[in-house]
Amino acid sequence: TNLNTLSLHDALPICFPVTIPMAKVFGVSRVTYYSWVRGGKIRITNVPKVKRTLKKLLAILQSGWPSDKVLEMTQAERVAHVLELLSQEQ
């Protein structure tokens, strides 16, 4: 994925609606995440982490996310589930 052409603002809300706090998924502060959403530059030290996380999220989406089970979860359960899946993806 080319980070220059990827719009976090466009792509992530479609894949993971507001019910998933994306800053937590990326392991950054909300200020940092929302700066990205508004078009701010990704700090060079965060680029490897962002690329890894995006690749993992893509794999999760390709595996059939969200299932009916996931749609029935509360926000906290969805976040925990996504974080668990991210920790499992290689």
Would you give the length of the straight line joining atom [atom1] of [X] to atom [atom2] of [Y], rounded to the nearest 0.5 angstrom?
{"X": "Arg78", "Y": "Glu72", "atom1": "CZ", "atom2": "CD", "answer": "9.5 Å"}
{"X": "Gln62", "Y": "Leu57", "atom1": "CD", "atom2": "CG", "answer": "11.0 Å"}
{"X": "Leu86", "Y": "Glu84", "atom1": "CG", "atom2": "CD", "answer": "10.0 Å"}
{"X": "Arg43", "Y": "Trp36", "atom1": "CZ", "atom2": "CH2", "answer": "8.5 Å"}
{"X": "Lys51", "Y": "Ile42", "atom1": "NZ", "atom2": "CD1", "answer": "9.5 Å"}
{"X": "Leu58", "Y": "Thr53", "atom1": "CG", "atom2": "OG1", "answer": "12.5 Å"}

Original post:
Under 4.5 Å between any side-chain heavy atoms of Asn46 and Phe26, yes or no?
Top reply: no
Original post:
So, do Lys41 and Ser35 sit near enough that their side-chain heavy atoms are less than 4.5 Å apart?
Top reply: no
Subject >> Met73 to Glu77 - nearest heavy-atom pair and separation >> reply: CA-OE1, 3.3 Å
Original post:
How close do Trp65 and Leu85 get, heavy atom to heavy atom, and via which atoms?
Top reply: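 Nearest pair, atom of Trp65 first, then Leu85: CZ3-CD1, 3.9 Å.
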Original post:
Within a reach of under 6.0 Å around CD1 of Ile44, are more than 12 heavy atoms found that belong to other residues, nucleotides or ligands?
Top reply: no
Original post:
Do Thr32 and Ser29 have side-chain atoms, one donor and one acceptor, less than 3.5 Å apart?
Top reply: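 On atom types as modelled, these side chains qualify, holding a pair under 3.5 Å.
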Original post:
Is Lys49 reaching over with its side chain to a backbone N or O of Gly27, donor-acceptor style, under 3.5 angstrom?
Top reply: yes
